[in-house]
Amino acid sequence: MTARRIVLVEFSPSGGLFHFGVRLGTSLAERGEKVFLLTGPDPEIRQTVPGMEIRAVLPTWHPATASPTSPALRVLRRGTRALRLVAAWCVLTAQLVRMRPDVVLWSNWRFLFEPLFVVAITWLLPRTAVGIIAHEPLPRSDARDTSTPRTGRLLLAAFAAAWRRMDVAYVLGENARQVVLDNWEPRGEVVVIPHGPVSVFGDFDRAASAALTDRTVLFFGTWTRYKGIEPLLHAFSEVRRSVPEARLVLAGAVSADLDEGAVTALARTVGNVDLRPGYVDAADVPELIRGSRMVVTPYLRASQSGVIHLAFSHGRPVVTTGVGDLADAVNDGETGLVVPPGDVPALAGAITRLLLDPSLAGRLGTRGHEGLAGTGEEAARRVSDSLDRCRTGPGDNR
């Protein structure tokens with residue numbers, strides 16, 4: 001049997017979506033698929049397994065790039081990046097026409113022109129199956145209000161046209177699946193796959209139990225409005241009344257939709273908050289996670305979060321909010337604690353509980369880690385099986 005040639009497209013050469021692509025591509029290659037991950041320059045991860053190749057061919061950029069302080073320079077950078085993204089789609093189209101793979105899987109579209117490229121590619125490659133791993137089923141801005149979906153007749157029409165060309169769509173939870181079915185009409189099935197472990201950050205089996213850590217709480221990921229940083233800071237103020245020595249670490253790149261100055265001022269008022277704005281390199285992530293008692297994802301809205309699976313990969317419990325598919329990822333009382341979104345007292349109570357009960361934190365973190373066993377392989381199996389159902393073997397006619 002000839003190996004099926006699958007192209008995964010991830011424009012950013014670093015960050016959570018890129019890491020997910022590497023992990024999924026690795027598991028697919030281990031199943032006998034031939035995988036190519038097309039991405040931007042100088043990928044954060046280069047090591048692969050036989051059957052998988054990372055190709056840095058797209059002229060994009062790293063999220064680690066420092067943001068200009070001048071508003072005028074920010075506008076200029078956004079314009080430059082828009083042009084680079086268009087160029088990246090042109091390069092991608094040329095690469096796909098040359099490669100003529102059996103399958104192309106995208107992970108994210110955000111702007112009007114992107115789904116138009118997708119439609120054009122499906123016309124240029126009529127025998128290639130196309131699909132999307134819909135981390136965000138609805139289009140959202142990364143610069144303004146990330147808490148609400150983008151709208152506009154032309155934008156939605158373009159997205160709808162691309163979705164109608166999808167032979168298969170993958171989502172990371174049942175809630176996200178329903179969002180897809182309520183808003184789009186893919187011509188193929190919508191398949192739920194597990195997120196799987198975030199194993200690109202070193203040997204997590206060697207992580208010490210959460211019970212042995214100091215009373216440190218970690219928020220990890222992009223600082224953006226929908227992730228509930230302000231409610232978290234207010235909750236941590238309440239936490240310190242019961243646990244004065246508690247420490248909160250906020251680590252991650254700062255989104256353009258968040259007022260970093262306001263966050264800094266509030267953190268100073270709360271006290272014992274360690275602010276670490278800026279992209280965190282993959283090599284520094286294990287120490288960051290393992291130095292915490294727990295990881296918090298106090299999101300006000302979400303589809304899914306790789307941060308949860310990253311925490312479990314290192315044996316850390318998660319305090320999260322019951323939005324999107326987060327409550328399914330965190331089994332309340334088993335692998336972490338789930339609270340209502342925006343509920344400051346409930347969030348403070350959950351954090352305090354794990355800070356005062358290290359043995360509970362250790363048990364929850366261990367169960368979270370154990371629950372990841374086999375999920376990467378299961379995700380790859382579901383992808384392969386669904387591709388079989390839409391007839392994507394070499395030489396098949398669609």
Side-chain angles (χ1 to χ4, degrees), residues 207-225 227-252 254 258-278 280 284-300 305 307-308 310-312 314-322 326 330 332-369:
S209 169
L212 303 178
T213 61
D214 293 333
R215 291 175 171 176
T216 298
V217 181
L218 174 65
F219 173 95
F220 174 65
T222 304
W223 302 8
T224 190
R225 288 176 60 183
K227 290 188 177 180
I229 292 177
E230 184 177 348
L232 171 60
L233 287 169
H234 288 299
F236 191 67
S237 180
E238 294 189 15
V239 168
R240 294 201 60 217
R241 295 172 189 166
S242 302
V243 192
E245 71 278 16
R247 174 170 165 260
L248 172 64
V249 176
L250 299 179
V254 181
L258 189 75
D259 185 344
E260 183 180 353
V263 170
T264 301
L266 181 56
R268 287 173 179 165
T269 301
V270 172
N272 275 18
V273 180
D274 182 359
L275 298 179
R276 302 184 188 181
V280 180
D284 298 327
V285 171
E287 181 179 358
L288 184 66
I289 301 290
R290 296 173 188 181
S292 65
R293 173 75 57 85
M294 75 197 76
V295 175
V296 289
T297 55
Y299 301 169
L300 303 178
S305 173
V307 173
I308 290 174
L310 175 60
F312 290 161
H314 291 280
R316 295 299 177 265
V318 177
V319 174
T320 193
T321 50
L326 300 192
V330 178
D332 188 33
E334 293 291 328
T335 61
L337 301 175
V338 181
V339 300
D343 189 330
V344 169
L347 180 60
I351 293 172
T352 301
R353 182 180 174 189
L354 294 184
L355 289 177
L356 295 178
D357 192 342
S359 61
L360 174 61
R363 289 196 301 273
L364 299 185
T366 298
R367 289 171 186 162
H369 179 72

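Please read these numbers as outputs of a predicted model, since none were measured by experiment.
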Using the side chain to side chain donor-acceptor pair (under 3.5 Å) rule, collect all pairs that involve residues 227-239, keeping only residues at least two apart or in two chains.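 Qualifying pairs: none.
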Determine whether a donor-acceptor pair (N or O, by modelled atom type, separation under 3.5 Å) exists between the side chain of [X] and the backbone of [Y].
| X | Y | result |
| --- | --- | --- |
| His369 | Phe312 | yes |
| Arg293 | Leu355 | yes |
| Thr222 | Thr224 | no |

How many angstroms lie between atom [atom1] of [X] and atom [atom2] of [Y], to the nearest 0.5 angstrom?
| X | Y | atom1 | atom2 | result |
| --- | --- | --- | --- | --- |
| Phe219 | Tyr299 | CZ | OH | 5.5 Å |
| Leu310 | Ile289 | CG | CD1 | 4.0 Å |
| Leu250 | Leu275 | CG | CG | 5.5 Å |
| Arg290 | His314 | CZ | NE2 | 5.5 Å |

Of all heavy-atom pairs between [X] and [Y], which one has the smallest distance, and what is that distance?
| X | Y | answer |
| --- | --- | --- |
| Leu232 | Pro298 | CB-CG, 3.9 Å |
| Val239 | Ala246 | CG1-CB, 4.2 Å |
| Ala210 | Ala361 | CB-O, 3.9 Å |
| Ala251 | Val280 | CB-CG2, 4.2 Å |
| Gly322 | Pro341 | N-CD, 4.4 Å |
| Pro358 | Ala211 | O-CB, 3.2 Å |

More than 12 heavy atoms of other residues, nucleotides or ligands under 6.0 Å from CZ of Arg353: yes or no?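 At most 12 heavy atoms, drawn from other residues, nucleotides or ligands, come within 6.0 Å of this atom.
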Contact check, side chains of [X] and [Y], non-hydrogen atoms, under 4.5 Å:
| X | Y | result |
| --- | --- | --- |
| Val319 | Leu347 | yes |
| Leu356 | Val243 | yes |
| Ile351 | Met294 | yes |
| Asn272 | Leu248 | no |
| Val318 | Thr335 | no |
| Leu218 | Val296 | no |
| Thr213 | Arg316 | yes |
| Leu354 | Pro317 | yes |

Not counting sequence neighbours, which residues clear salt bridge (Lys or Arg N to Asp or Glu O under 4.0 Å) with Arg363? List them please.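 Not a single residue meets the salt bridge (Lys or Arg N to Asp or Glu O under 4.0 Å) criterion with Arg363.
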Got a sec, which residues hit salt bridge (Lys or Arg N to Asp or Glu O under 4.0 Å) with Glu287, two or more places apart in sequence or on another chain?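 Per chain and number, Glu287 pairs via salt bridge (Lys or Arg N to Asp or Glu O under 4.0 Å) with no residue.
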Who pairs with [X] by side chain to side chain contact (heavy atoms under 4.5 Å, CB included), at least two apart in sequence or on another chain?
| X | result |
| --- | --- |
| Leu300 | Pro231 |
| Ser242 | Thr352 |
| Thr366 | Glu370 |
| Ala346 | Val339, Pro340, Asp343 |

Which residues satisfy the side chain to side chain donor-acceptor pair (under 3.5 Å) test with Ser292, sequence neighbours excluded?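 Expected list: none.
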Identify, with sequence neighbours excluded, every residue that meets side chain to side chain donor-acceptor pair (under 3.5 Å) alongside Thr297.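 Applying side chain to side chain donor-acceptor pair (under 3.5 Å) to Thr297 gives Thr320.
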Show your reasoning for whether side-chain contact (heavy atoms from CB on, under 4.5 Å) applies to Thr321 and Val338. CA-CA 5 Å; Thr321 50; Val338 181; over 6 Å; no
What residue pairs, at least two apart or across chains, pass salt bridge (charged side-chain N to carboxylate O under 4.0 Å, His left out) with a residue in residues 259-276?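 Counting only pairs at least two positions apart or across chains, the salt bridge (charged side-chain N to carboxylate O under 4.0 Å, His left out) contacts touching residues 259-276 are Arg247-Asp274, Asp274-Arg276.
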Restricting to pairs with a member in residues 210-220, which pass salt bridge (charged side-chain N to carboxylate O under 4.0 Å, His left out), not counting sequence neighbours?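 Checked against salt bridge (charged side-chain N to carboxylate O under 4.0 Å, His left out) - neighbours excluded - the pairs reaching residues 210-220 are Arg215-Glu245.
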